[in-house]
Every structure is written in structure tokens, then in C-alpha cells.
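Below: one structure, written as C-alpha cells.
Just so it is clear: chains get the letters A, B, ... in the order the sequence lines come, proteins before strands, and each one is counted from 1.
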2 protein chains.
Amino acid sequence: MRGKADSDLVRRQNRRVVLEALRFDGPAPRVELGRKTGLSPATITSITMQLIQDGAVIELDDIASLSDGAKRGRPTVLLGLNPDAAFTVAVKISIGMLEFALADFAGIIRERVEVPIATYEMLPEIFSRRLVSETQRFIVSTRVDLNQIAQINVAAQGVADTRSGLIAWSPAFKERGVPVVGPLEEAFNIPCTLANDANMIAEGLIARRKLDFSGTTAAVFLGYGIGMGLVIDGAVYHGATGAGAEFGHMNHVPSGALCRCGRAGCLEAYASDYGILRSAKNLPDNTPPPPHAVDSQVMAELEAAARGGDKDAIAAFQKAGRAIGFGLARMIALLNPDRIVLAGAGTRALDLIEPSLRAAIDEGVVAELRNNLKIETLPVGKDMIIGGTIDAGMRRLDSEVYAIGPALPVEAKKELLA
Amino acid sequence: MRGKADSDLVRRQNRRVVLEALRFDGPAPRVELGRKTGLSPATITSITMQLIQDGAVIELDDIASLSDGAKRGRPTVLLGLNPDAAFTVAVKISIGMLEFALADFAGIIRERVEVPIATYEMLPEIFSRRLVSETQRFIVSTRVDLNQIAQINVAAQGVADTRSGLIAWSPAFKERGVPVVGPLEEAFNIPCTLANDANMIAEGLIARRKLDFSGTTAAVFLGYGIGMGLVIDGAVYHGATGAGAEFGHMNHVPSGALCRCGRAGCLEAYASDYGILRSAKNLPDNTPPPPHAVDSQVMAELEAAARGGDKDAIAAFQKAGRAIGFGLARMIALLNPDRIVLAGAGTRALDLIEPSLRAAIDEGVVAELRNNLKIETLPVGKDMIIGGTIDAGMRRLDSEVYAIGPALPVEAKKELLA
DNA sequence: AAATTAATTTTGGCGTCCAAAATAATCTTG
DNA sequence: CAAGATTATTTTGGACGCCAAAATTAATTT
């Protein structure tokens, strides 16, 4: 249970509530903020006055007049997040690619760059140096002053250890233990975070209210790999080291098929693109996975073949569905979630995998536990990784910096995030 | 994110903090409450004054003088929870047995009764009626007035659906869907809860600070069945229907050994007492489990045989360890817990199962996820189910009734819990 | 230009907390 | 044994948060 409370806590909480209202619904006049937050007009005046002074919020009076027709009474004064309050750099590390984005405090992406890099064969420290230099290059290219940047947030595939700031294991690298947070913080002296890409997608879904996230939601991302974002009571569950919900590397069959991660029997070895392809080609289970993403064209052809009646292809998708289904059944037994959401490129083949997936769930879990369970699908673009990373960064700024206190120089804000 | 905050919230939170301090550490003078909670003496005076007026707290001045030797200065006034503030009835439903306990507001058990009942063959509604009549008999026997009883809390083995108040499935019953909360609330008009027994053990462990429960802890109970209590950020995780952490019925092997729950391949079918016994006797996997608990003497003999070198017995314990290990590996991949705690009667055979258990974890989960993982064992008595049920009830009273507000008649307190 | 309308700000009151001063209840000491 | 000394608790006074209601502001309507 949390500790004692005082009036400081009250103000902090209410500042956060106001910021959240502005962030989610966009600019709004004070009256409306009052309605949305349940705070009295007097309090809204007081809080927004502070937030304006702190530079987090600005008045946008002009746009107000654009509203429909002429209205009686004193006109509203539109308030919005101040885009220039602080900037956030988001980085996405994936196989063969580095992606950078610069977002302002309103969460708008100002600049965006993709840098192809041969990640796989790189030694960890070589990569770390390259990451720093590319980040440097990107920041310079944006012409934003370094001390206007409040945070650098990195998303990576695989086991991203938020605590140590290392990528413990990732399909993007042959080697294990790639340092990310350390080198960046040292180079730029800006707070930096590392997180798993699936969790960042989940952050994005929450921030954009794409789903009802009350209770427990398990979002499963199917595609080149198999990821999961676990949302418990409206917050992404990260686990001890931030590597929670490694659904793809949950064991499916003891001593089973060879996985990219080097172990045998992972779910992913049966249900990811390469796993499906391997079964469809009737290659032995211990065939090493390719060190690169399967071309989506190849998967599309395989799907077409299955739909056209190709026995091997059909069997491969069924096998994938069964693996996912048993994985979900085990997850359900453990977590009894309110809903499961399927997303990602792999859902294109949902018609092929769903029957065996559902059959496996039915076989693998007590009926009572799946009674009220909802299984939905959700279209999720690739951009949700960068987008969600930015959303998570904004939430951090809101609650850990701007909800806290009085006007501070950006330097001090960095302190708070560190 | 939580909504707006006000001074009401502050007082509520601080009242709760004070009650918690008294509940965990026992009676204490005001100065000490101040030290423990971080609240100022002035605030402690104010809060305790209210709590005393509300009947939740009383002064216990006499005992203070019993402390060691004579001290200078104004003597402290010991404050403690008022035992008579409200009473709680805890009920434990297990195979062939109903257990009742009456606890006062200090959490002390005042009365305790065990009632043998042939649960297994009973039809649900017959059992419900019997549950009500036995509860009635118990309450009468305690001579506590019905309207002094604030809540009735029931713990049961199996899938206990807190939302519907039904025991969805339990080894104690042949039939499914046994109503518990409905009949009790109707009969007594007192708020009633239903929960899984393993979760109640976890509540007890938390309340008594038996472990560091920061982050995520998975407590596994080995014995006649296999249970789990999942503690996330200091609170027991219940899942959508309160049936979270059904670890024993997590699938281990698709289409595997027959389980008591009627399905095939559950972890419990390999690792519970009867599962181990079945393998040791080389009975086929589809041999129906016995409808009663395995005698602990039988298990002790089996353990002795294994330690004496009996091949079949050794293999049976190894198989159990491997099943638990893979189950834990899957749980780790999903939840990345900070620590795992093994408890229950089954841990007597830990020497026999641990090697294969650890080997299975090593085989089933990425090394990086188990790096900082701690696996501990903890002695947990049978009484922890009733004890934990009471602890959970006390926490509910503290935070949902006495933290809230001004003096209320017991009737109104019941309202709050409902 | 006056009346109306509606947003925002100001004022005054209440509740909470805390620091500091006052009070209470005991022990120590000359 | 009375005057400190010491420590616990209560009281007092001030700060800050919230809200309701009154006042003010800035527009439209009449």
C-alpha cells in the first residue's frame, strides 16, 4: 500500500489529470477541462495558470474562433500542450534497421529517419558506438538544441532488459547482451530508456484508447516473431527486468523445434513466419532459422497455397494455430484475462490458423476460464512501435516531470527522468 | 490513471496508513505511529481521535506500564485496534470438510469449528443449503450477534469465481457450478466473498510480511493439488473472474495425462500427490484420479522408497519436477517474476523433484530471464488458508470501511463492503 | 447602448497537513 | 519533596489544496 498522503500529492495528481485530458482529447477550453476532470472551474484556473507558467501548456486563443458559428457569452480560451516544452527522441532497433523519430511535447513527430544497418553480424560494442553516432547525426539533423531534448526512448525486438539497459537477446543480433542505455546516457547525458517493442505497441494502444483496457488484456502480435503486450489495470506489465510477456519464447513442446533464440520448443519456432515456412517445406525441426525476416511476399504465397488446398501449407498453418492456442491456453490458466487481442501481419492468415487455435484453447483450458473471454483482432500498423514509444515517453513526461512542480529548466527535467 | 484527488482522499489514505501500522505491528503509542507512518504528531492526534470515535481504535493504557523499567517523561498511551469493532466469519471449503472461524477486528480467531461433510457426491444446491445451515449453526454457537458480523469470507479449492460467487470447478465436488455467495448473502444479509484457497494463502503471506513482495512473486503450493498465488506489486492478482493463477490446470502436455478436472495434460496430473502416485505405480495416464486426498502416510512411504533407490518412485518424482519446471518456465516467459516461492506439503519431497525441476526451467526459458530469479521455499501451515482469508478480510475492513469515514453503525459498514 | 449569456477569475470558507508552542505526566535530582 | 528535566500528546497558527459563490470579462443579441 502506498504511504502517507498530503496536499502536495493532491496537486500533483490533479495536474496530471489535467495534462492527461489535454493529451488525449487535444486542446480544450478551461470549462471543458473542468467537465472532463471533475475539477471545479476555480481549481482549473489555478492549475492551468501554473502549467502555463511551467511552460507545459499554452493558450491557443485564435483557433477558438474557428468553431461553428457565433456563440453568445464570453468566448472560450483554448488551451493546449505546448509543443516546444520538451522534445523526445524515439529509436527503434530492428533487424537491419535503425529508426529515429523526434517528437514534440504534443506527441507530434517532427522528424523521422530510417538508417539501414547490418545489425546481425555486429559485435555489441561496435553496434553501441554506431547507435550513438547515428543518434548524434539524427539529433544534429533536427536542429533541435541538445538541451531541449528531455529523453531518448529505445524500443527493440527481443528480450530488452529495462533494468540493466541491455538488449539481453534479440533476433536483430547474433550476439547477446547489447548495451543501449549506458552508451547513450554517457554520450548525451540525457535520460534514456529501453523497452520491448511489443510492450511499446501496447503503450500506444492504451494511449490511443484502442481498446477497453480495464482488467487484464493480452495483446498478441503475430508476424516475423511472436510478441505479447500484457496490460493489467490499464498499465503495461513489464515484469522484473522489463522483459515480461515473452510469449514467443514460452515453451510449447519440451525439446521441440529449434528457435531463433537458440533454444528448442519455443512457441515462435512453430508459429512465426519462419516457423510456418519451415513446417510447410517439411524441413526438419532443427533447421536453423534464417537470420533475417521472411519476405512478406513469400508468406502471402504460402497463404494463397493453403487457401488453394495445398496440404503441406494447410498443415503448417494449423500447426501454428495449435501452438498459439496452447500458448494462450497456458496464459489463460495463469492470468485469466478479460480479453485477448490478436494483431500484426500474421493476422492476415487468421482464417487459416483460427480453427486450430480455438480448438487448442478449448483443449488446453478449463471451460470455466474461457467463458467470458473475448478474443478480438485489431489492425496495428508497423508505426505503432515508434508511436507507442513516443506515447510512453509523453506519459512519463506528464506524470514524472510536469505533474510534479514549478517551472524548472529543461536540465532539471532531465534530472527528474533519470 | 486514477481520477482527481481532494483532501478527502488524503485523509482516507492517511487513516488507512495508520490502521495498517496498528494491524501489522500491533499496539503502539502515538509517537511511534508517527515515526512509522511519517505523519506529524499533530496529524496522528487528529486521526487517532477520529478512529477512536469511530470505534476502530481504543486506548490500552495499562499495558504500557509493563514495558521495561521506568522511563522518564510523560508515559506513552498505547493504542490498538478495537477487537470488538466488527467480526468476520471465515469459511474454508475443502474435500469432505467445512471449516469455520470467527475473527475479531484485531484479526484474532475467537472460535473455530470443523464440520466433516461428504461434499463430493453432494448436488450443488444441497450443498449450498447445508453451507447456509452450518454457517448459521456456527454463528449461533459463537454467541456473537448477527449484526456485529461485518462479512463472511469463503475460501475454496479449485476455480472459485469471485465475480459470480460460484465455485466453477473444485476437486471437492463432482458437480460444477456450486453457488456460495448468493445463498449466504440471501440468508444472512451480510456481504460475502468467495476466493481461491491459494490466493488466500498468498494474502496471508503478504499480511504477515513473510516475503519481500515487491515486484512480482509467484508462490507455488505443492500437495494434493497444485496451486499458485501471484503477487504483483504487493497485491494478489485475481484475474478477470478471480480465478487467476490456476497453475495446476495449466496445460503441460497436449492430450496428456488425465486430470481430476476432467481434462488431459494438466500440470497437476503429473505433479500432484495422486499424479506422482499414479506414475510410481506405472498406472496408465488415463487412470481416473481418486475422489479424495492421498493419505500423507502413503506419500511419505513413496518418498522413502525413492530415497531408498526405488526406480519407479524416483522416476515419478522426476516426472513431477519436470512438469512443474516446465510450467514455471512458461510462467517465467510470460511474467518474468522477481522470485518464485515453493510451499506446501509437497515440498517435503523437494530433494527428489528439485533437480529435474531446475533442469526443466533451464531447458524451458531463455537464460536472460532467469538470471536474477530467486527460487525459495517457505514453510506454510494448512492454517494459512483460514488465516489468510481473515487477513484479506481485515484489509478489506481497514481500507473500505474504517479508512473511509465517520462513525457508522455496523449495518452501514456492511453496506460499504457489499 | 443595454441586456443577455457564458467563460474565467477572485473571494471566502473548509479540510488537511505541518511546525512550533503549550500542556501533561512522569522521572531525577539537589 | 519541590524544582528541574524529559518525553508524549494536544493546541495553535499558518500554508496549501479544494470548492461554492460572487465578481469580472468579453462576447452576442436586442
Side-chain angles (χ1 to χ4, degrees), chain A residues 2-18 27-53 57 59-79 403-406, chain B residues 2-18 27-53 57 59-79 403-406:
Chain A
R2 303 177 302 279
K4 68 162 181 173
D6 54 18
S7 67
D8 229 53
L9 180 123
V10 171
R11 184 34 85 91
R12 205 159 41 215
Q13 173 66 9
N14 289 337
R15 284 173 65 120
R16 179 173 3 198
V17 165
V18 169
R30 290 182 175 81
V31 244
E32 207 174 314
L33 288 177
R35 269 195 298 275
K36 280 176 186 156
T37 60
L39 293 164
S40 72
T43 304
I44 292 289
T45 291
S46 157
I47 286 177
T48 54
M49 199 182 297
Q50 279 186 17
L51 288 173
I52 288 170
Q53 195 164 33
V57 166
E59 300 199 340
L60 308 162
D61 30 26
D62 37 326
I63 309 170
S65 50
L66 296 182
S67 59
D68 52 330
K71 269 174 279 178
R72 301 163 64 84
R74 177 173 175 173
T76 60
V77 179
L78 214 54
L79 298 178
I404 303 288
Chain B
R2 303 176 301 278
K4 67 162 183 174
D6 54 18
S7 65
D8 228 54
L9 180 124
V10 172
R11 184 35 84 92
R12 204 159 41 214
Q13 172 66 10
N14 289 337
R15 283 173 65 120
R16 177 175 3 200
V17 165
V18 169
R30 292 184 175 80
V31 240
E32 206 174 315
L33 289 176
R35 269 196 298 275
K36 281 176 186 156
T37 60
L39 293 164
S40 72
T43 303
I44 292 289
T45 291
S46 157
I47 286 177
T48 54
M49 199 182 297
Q50 279 186 15
L51 287 173
I52 289 170
Q53 195 164 33
V57 167
E59 299 199 341
L60 308 161
D61 32 25
D62 38 326
I63 310 170
S65 50
L66 296 181
S67 58
D68 51 330
K71 270 174 278 176
R72 301 165 63 85
R74 175 174 175 173
T76 61
V77 180
L78 214 53
L79 299 178
I404 304 288

Side chain B:D6, main chain B:L9, donor-acceptor under 3.5 Å: yes
Report the residue (A:M49 or B:G73) whose heavy-atom-nearest nucleotide on DNA chain C is the more 5′ of the two. A:M49
Rounding to an integer number of Å, can you tell me how far A:R35 CZ sits from C:dA7 C1'? 11 Å
Divergence of helical axes at both termini of the helix from C:dA1-D:dT30 to C:dG30-D:dC1 - five pairs an end, 10° steps: 30°
For A:L33 and C:dA7, what is the distance between atoms CG and P respectively, to the nearest whole Å? 13 Å
Figure out the CZ/P separation between B:R12 and C:dG15, and round it to whole Å. 16 Å
Without decimals, in angstroms, what is the distance between A:I44 CD1 and C:dA7 P? 14 Å
Closest approach of A:A5 and B:N14, non-hydrogen atoms and distance? N-OD1, 2.7 Å
Judged by nearest nucleotide, the residue sitting upstream toward the 5' end of DNA chain C, A:D6 or A:T48, is A:T48
How would you label the contact of B:P75 with the nucleic acid (heavy atoms, under 4.0 Å): base, sugar-phosphate, or nothing? sugar-phosphate
Quick one: B:I47 CD1 to C:dT16 P, roughly how many Å, whole number? 9 Å
Evaluate the side-chain contact (heavy atoms from CB on, under 4.5 Å) criterion for residues B:I404 and B:R15: first the C-alpha distance (whole Å), next the side-chain angles of each, then the deciding distance (0.1 Å), finally the verdict. CA-CA 8 Å; B:I404 304 288; B:R15 283 173 65 120; over 6 Å; no
Quick one: closest heavy-atom pair of A:T76 and A:P29, and the distance? CB-CB, 3.3 Å
B:A403 to B:R16 - nearest heavy-atom pair and separation: CB-CB, 3.8 Å
Option among B:L60, B:L51, B:V57 that satisfies the side-chain contact (heavy atoms from CB on, under 4.5 Å) test with B:L79: B:V57
Between CZ of A:R74 and P of D:dA23 the distance, given in whole Å, is 16 Å
Does OP1 or OP2 of D:dC19 have a side-chain N or O of B:K4 closer than 4.0 Å? yes
Nearest whole Å is fine: how far is C:dG15 P from B:Q50 CD? 11 Å
Closest to the A:R72 side chain: C:dT4, D:dC19, D:dA26? C:dT4
What nucleic acid atoms does A:L79 come within less than 4.0 Å of, heavy atoms only: base, sugar-phosphate, or nothing? nothing
A:A42 or B:P29: which one's nearest nucleotide on DNA chain D is closer to the 5' end? B:P29
Could you please name the option among D:dC19, C:dT9, C:dC17 that lies closest to any side-chain atom of A:R30? C:dT9
Check the phosphate of D:dC18 against A:R11, side-chain N and O only, distance under 4.0 Å to OP1 or OP2. Yes or no? yes
Upstream residue (5' side of DNA chain D) when B:V31 and A:G38 are each assigned their closest nucleotide: B:V31
Interatomic distance where CZ belongs to B:R15 and C1' belongs to C:dT16 [whole Å]: 13 Å
Nucleotide nearest B:V10 (side chain, heavy atoms from C-beta), chosen from C:dT16, C:dT10, C:dC18: C:dT16
Name the atoms and distances for all side-chain donor-acceptor pairs under 3.5 Å in residues 31-40 of chain A, with sequence neighbours left out.
{"residue": "A:E32", "atom": "OE2", "partner": "A:K36", "partner atom": "NZ", "Å": "3.0"}
{"residue": "A:K36", "atom": "NZ", "partner": "A:D25", "partner atom": "OD2", "Å": "3.3"}
{"residue": "A:T37", "atom": "OG1", "partner": "A:L33", "partner atom": "O", "Å": "2.7"}
{"residue": "A:T37", "atom": "OG1", "partner": "A:L39", "partner atom": "N", "Å": "3.2"}
{"residue": "A:S40", "atom": "OG", "partner": "A:T43", "partner atom": "N", "Å": "3.2"}
{"residue": "A:S40", "atom": "OG", "partner": "A:T43", "partner atom": "OG1", "Å": "3.0"}

Compare side-chain N and O positions of A:T43 against OP1 and OP2 of D:dC19 and report whether any pair is under 4.0 Å apart. yes
Looking at every heavy atom in both A:T48 and A:R30, which two are closest together, and how far apart are they? OG1-NE, 3.2 Å
Where the side chain of A:S7 is defined as all heavy atoms beyond and including C-beta, which of D:dC16, D:dA8, D:dT25 is the nearest nucleotide? D:dC16
Can you tell which of D:dT7, D:dT11, C:dA7 lies closest to the side chain of B:T45? D:dT11
Here the pair of heavy atoms bringing B:Q13 nearest to A:R2 is NE2-O, 2.9 Å
Over all strands shown, is B:N14 touching base, sugar-phosphate only, or nothing at heavy-atom distances under 4.0 angstrom? sugar-phosphate
To the side chain of A:L39, which of C:dA24, D:dC19, D:dT12 is closest? D:dC19
Below the 4.0 Å mark, does C:dA7 have OP1 or OP2 next to a side-chain nitrogen or oxygen of A:T76? no
